[in-house]
Every structure is written in C-alpha cells, then in structure tokens.
Amino acid sequence: MPSAPADYPVSDHVLDNGLRVLVSPDRTAPVVAVNLWYDVGSRDEEPGRTGFAHLFEHVMFQGSANVASGAHIGLLQAAGASVNATTWFDRTNYFETLPVGGLDLALWLEADRMGSLLDALTLENLNTQREVVKEEKRQRYDNVPYGDVMQRLNSLTFPADHPYGHTTIGSMEDLDAASLEDARSFFARHYMPNNAVISVVGDVTVEDALRRVEHYFGGLAAGELPSHPKTGVLGPLDGTQREETSADVPAEAVYLAWRLPARGTRAFDALDLFYSVLGHGQTSRLHRALVRDAELAESSGAASTGLIGGNSFGYAYARARAGQDLAEVEEALVTQVDRLAAEGPTPTELARAKAQYERHWLHELSRVDSRADALSEYATLEHDPGLVNTRMAEVDAVQPEDVAAAVAEWFGSERRATLVYRKASA
C-alpha cells in the first residue's frame, strides 16, 4: 500500500520565550487556521482537583485584560471564524479558522489571554464557568445512556491515584471545592509560552506568519516548566477487574477494556490496527459475527486511545438485541476477541485496516484546520511535527509479526477488565 505523500511544508521555530511556532503555507484558499496546544491535561490535576484542566478550557473564554468577559468568541465569529477548544488527558487545545484577513485578531486574542487572563479572573467569572461545566457534566455524562462508561472503564483500567484514573470532566465535588486561588495557581503553573505550541496553516508566508506571531507573543514571559506526573509503565491487567451496574439504558451491554502500551510505539500502532480489524465499521469481526450473522447484538465496536504517560487503553463492546441473554452476548464477544488474538488478522484485514487509517489521515490533512491540529499534536506529544509527512509510512510498516507480538504481551482472557450494563428495574 502506498504511503501518504510527504509534501506538506512545515517550518519549525522557537521564540526567545520558548513558544514553539509551526507554519505551513497553503495558498489554495484565502483562509488561515490558528491552533494552540498547551501541554496540560487531566493527567496534570492534583488529587481533589479533578476537572481543572477542562474547567480552564472554559475559563479561557471568560475574558482577559483587554477582552471583555465572554467577548472572545463573539469577536472571532464576527470576523467569520469557527472557534472552539477541547481538553483531553494529555493536552488542552484552542483553535480558530477564519478568513486570512482576521489573522491578527486571532493571534491578538490568543496572546492576550495567555499573557493576561489573571488580570480578569474573578470569583464571579470562575463561578460562571464552574456552573457551565457542571451543567455539561449533567447533560453529557450523568443523564444520558452509557454516559458514565468512560469513567467506569478508566477506574477499571487504571488505579484511582493514576493520572489516567479519572476522566477529564472530573467530579462535581472537586469543581465545587475549587477556589479562586486554586484557579490562579493552575493557570500560572501551566499557561505560559514555553509550555505551548502554536500552528498557523493557510494563506500565509512563513516570514509574515512568524513576524505576526513574534509581534503578539514575543513579549510574553516564560515561566518555570511544570513537571508531569511520573507514571512509569503499568503491565497488562490481571483479569480480576469486573463491574456490573444497573442503569436506564436502551440495551444491556458488555464492555471489555485493556491497558495498552503508550502511543508513539510500534506496539501501539500494531494494536491500533488490531482494534480496527476487531471493531471498526461493518467489515469488522465484531459487526459481522455479532450483529449481522448471529443477530445477538444491535451494535458493537472496538477502539484504542493513544496516551503518552506510560500506557494507553483500548476497549471493545456489544449492546444486546432485545430479548437476547446478555451472558450469551458476552460469551460471543469474548470468543471473537480471543479468536482474533489467537489467529491474528488476515492479510486482507490488515491491509483494509491500513487503508481505513490512510483514508481518514488524508481526509484530515486535506483541511487547514485539522492539519494545524495535527502539527500541534505531534509537536506537543511526540516532539516531531514532521510526522504529518511520515506518520502513514510508520503505520504502513507494521507487519503481522508486530501485531502478534503486541497481542501476546497485552491480550488474553486474564488481561482484560469487564463492565456490564443491565437495565434498571422499573
């Protein structure tokens, strides 16, 4: 299978204050994407302060020294921008895509809140965003079917005190306990130019983009880089982790979870392809066996989540058709997982998994916004933005023996956790 073309220009620079600047000109349309990654995520939260990284994602839109409370998004949207931010275990990112004439506005807004958010951070602003996050938790996690699945899988896969042992949303108790001083300390510890990467992709020249970034960010002071939690590498699970819960769900379900090696390794790439064969799409083993052929499940799937702190994790699931015995569904799910682990993917299945990866990869890189995100991602998490041009070759290089070796180390009936959802009694 041919690898993706390595032809995206990437210009890599570091300002005197430590801000890493990546520029990738693309003159096909008069638009520009600005993408800023901070090297802070939920893994960096202290005990009793879970949810802080995500809370700060919201607080960053509440105002800064020269931007009124809540005006950040409005100013960008008035300039024709799409704008958002997300938080994950290993990072927080902020991004906007807009007509190229709005580049100065985007850079000024990002620099103003990086340099002066504390000037505008009041208890009122903090409380406003605290309530927004708590409502988001209610809507997306607490009051939807299977909304707590990742929280439960995390607690089964990692120890409670592990940096990945809790989800990014955190707990309402921790959010309620957060003080203004806690918030100010979190910002001062993590939000600084030398703990960030900014990517500018679109209708710009390298020289002009660098000049503008230097103009807006160059005067911001560097700080002492925070240290990330020392996680080490945890071995596979021992198979004793099992949880059953009753909930108001449309279908009873069973989930299996595994610890995996960290992203950026050949073993993780091999297991990522394994999961694709197992549960990605209608050609996957699980869909064909459980949904289409045996008609035991109404849906099924599998996925891996790459993380950098020693371990990643993966899961597979099946949701039972009405009237089907969940124990039988679980047995069928386990059978398919164990069969693929024992046999390995066929050459056709492995080639298909690589082709699916490449299709998604090329689709993402064709857009300036997702290309800017990829540049920031690889610079932040793997210290190599050039992976946008070489990453597909790494995936394509995975061989059947790589899959077999990774599966032998991380899979097996004694190396997984099990989560079961049963319907709550009326």
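Keep in mind it's a predicted model, so treat the numbers as computed, not measured.
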Hydrogens and angles aside, do Q356 and S276 bring a side-chain donor and acceptor to less than 3.5 Å of each other?
yes

Evaluate R91 against T86 for side-chain hydrogen bond (donor to acceptor under 3.5 Å, both in side chains), listing each step before the verdict.
CA-CA 9 Å; R91 53 85 182 140; T86 65; 2.8 Å; yes

Go through W258 and F313 one step at a time and tell me if the ring-ring contact (aromatic ring centres under 6.0 Å, His included) criterion holds.
CA-CA 6 Å; W258 295 263; F313 70 91; over 10 Å; no

Given the rule in the side-chain contact (heavy atoms from CB on, under 4.5 Å) test, do L19 and V21 qualify, once you have shown the distances and angles that lead to the verdict?
CA-CA 6 Å; L19 178 65; V21 184; 4.2 Å; yes

Would you tell me whether Y164 and D90 have side-chain atoms, one donor and one acceptor, within less than 3.5 Å of each other?
yes

Supply the atom-to-atom distance E330 CD to D325 CG, rounded to the nearest 0.5 angstrom.
10.0 Å

Would you check, one step at a time, whether the test side-chain contact (heavy atoms from CB on, under 4.5 Å) holds for V23 with V204?
CA-CA 8 Å; V23 183; V204 296; 4.1 Å; yes

So does P250 get a backbone contact from the side chain of K423, meaning a donor-acceptor N/O pair under 3.5 Å?
yes

Can a salt bridge be assigned to the pair R288 and D293 using a cut-off of 4.0 Å between side-chain N and carboxylate O?
no

Can you find a pair of side-chain heavy atoms, one from L387 and one from E382, that are under 4.5 Å apart?
yes

Counting only N and O atoms by type, is there a donor-acceptor contact under 3.5 Å from the side chain of R259 to the main-chain atoms of G235?
yes

When rounded to the nearest 0.5 Å, the distance separating CZ of R266 from CD of E394 is 8.0 Å

Candidate pair D238 and Q241, rule side-chain hydrogen bond (donor to acceptor under 3.5 Å, both in side chains), full reasoning:
CA-CA 7 Å; D238 62 17; Q241 297 83 1; 3.2 Å; yes

Charged N to carboxylate O below 4.0 Å: is that the case for R422 and E244?
yes

Short question: side chain of N194, backbone of G18 - any donor-acceptor pair under 3.5 Å?
no

With a 4.5 Å limit on heavy-atom distance, are the side chains of T418 and E243 in contact?
no

Looking at R371 and D26, does any basic side-chain N land under 4.0 Å from a carboxylate oxygen?
yes

Is there side-chain contact between Y8 and N389, with heavy atoms separated by less than 4.5 Å?
yes

Less than 4.0 Å between a side-chain N and a carboxylate O, is that true for D176 and K134?
yes

Backbone N/O of A424 and side chain of S246: donor-acceptor pair under 3.5 Å
no

Among residues at least two apart in sequence or on other chains, which ones pass salt bridge (Lys or Arg N to Asp or Glu O under 4.0 Å) with E343?
R285

Is there a donor-acceptor pair under 3.5 Å between the side chain of K354 and the backbone N or O of D396?
yes

Are side-chain heavy atoms of Y191 and M114 found at a separation under 4.5 Å?
no

For residues 297-323, pull every pair meeting side chain to side chain donor-acceptor pair (under 3.5 Å), keeping only residues two or more places apart or in separate chains.
Y255-R319, D272-S304

Side-chain (R140) to main-chain (G147) donor-acceptor, under 3.5 angstrom:
no

With a 4.0 Å cut-off, would you call R416 and D338 a salt bridge?
yes

Answer yes or no: are there more than 12 heavy-atom neighbours, outside D384 itself, under 6.0 Å from its atom CG?
yes

Which atom pair, heavy atoms only, marks the closest approach of A79 to P99?
O-CD, 3.4 Å

Show the numbers, then the answer: is there a side-chain contact (heavy atoms from CB on, under 4.5 Å) between V32 and V200?
CA-CA 7 Å; V32 64; V200 180; 3.7 Å; yes

Between A379 and R20, the two heavy atoms sitting closest are O-NH1, 3.7 Å

Minimum side-chain heavy-atom gap F89-N154 below 4.5 Å:
yes

Side-chain heavy atoms of V31 within contact of L98, under 4.5 Å
no

Answer yes or no: is there a side-chain heavy-atom contact under 4.5 Å between D12 and P385?
yes

So does E349 pair up with R352, basic N to acidic O under 4.0 Å?
no

Could you state the interatomic distance from CG (N93) to CG (L36), rounded to the nearest 0.5 Å?
8.5 Å

Quick one: list whatever passes salt bridge (Lys or Arg N to Asp or Glu O under 4.0 Å) with E110, sequence neighbours left out.
R113

Looking at Q399, is its backbone amide N or carbonyl O close enough to the side chain of D402 to form a donor-acceptor pair, meaning the two atoms are under 3.5 Å apart?
yes

Rounded at 0.5 Å granularity, tell me how far CG in L365 sits from CG in D7.
9.5 Å

Heavy-atom pair of closest approach, residues V34 and A106
CG2-CB, 4.1 Å

Please, which pairs that meet ring-ring contact (aromatic ring centres under 6.0 Å, His included) have at least one residue in residues 382-409, sequence neighbours excluded?
none

For side-chain contact (heavy atoms from CB on, under 4.5 Å), just list the numbers for V249 and Y146, CA-CA rounded to whole Å, side-chain angles, deciding distance to a tenth of an Å, and then say yes or no.
CA-CA 7 Å; V249 292; Y146 319 106; 3.7 Å; yes

So OG1 of T122 and CG of N127: to nearest 0.5 Å the spacing works out to 8.5 Å

Near R359 CZ, under 6.0 Å, is it more than 12 heavy atoms from other residues, nucleotides or ligands?
no

Under a 4.0 Å N-O cut-off, is there an ion pair linking R189 with E46?
yes

Is a side-chain donor or acceptor of S185 paired with a backbone partner of E181 at a separation under 3.5 angstrom?
no

Spell out, as yes or no, whether a donor-acceptor pair under 3.5 Å connects the side chain of D182 to the backbone of S179.
yes

Are R391 and E358 within salt-bridge range, i.e. N to O under 4.0 Å?
no

Below 4.5 Å, heavy atoms only, C-beta onward: do H162 and L234 meet side chain to side chain?
yes

Pair up each side-chain donor or acceptor in residues 55-64 with any protein partner under 3.5 Å, not counting sequence neighbours, and list the distances.
from, atom 1, to, atom 2, distance (Å)
E57, OE1, T87, N, 3.2
E57, OE1, T87, OG1, 2.6
H58, NE2, H54, NE2, 3.3
H58, NE2, E136, OE1, 3.2
Q62, OE1, Q129, NE2, 2.4
Q62, NE2, S69, OG, 2.5
Q62, NE2, N125, OD1, 3.2
S64, OG, D112, OD2, 2.6

For the atom pair NE2 (H287) and NE2 (H280), what is the distance rounded to the nearest 0.5 Å?
12.0 Å

Per the side chain to side chain donor-acceptor pair (under 3.5 Å) rule, what does the pair list look like for residues 36-45, sequence neighbours excluded?
N35-W37, W37-D373, D39-R43, D39-H228, R43-H228, D44-H228, E45-H166

Is it the case that more than 12 heavy atoms not belonging to E224 sit under 6.0 Å from its CD atom?
no

Under-4.0 Å salt bridge between D148 and R152
yes

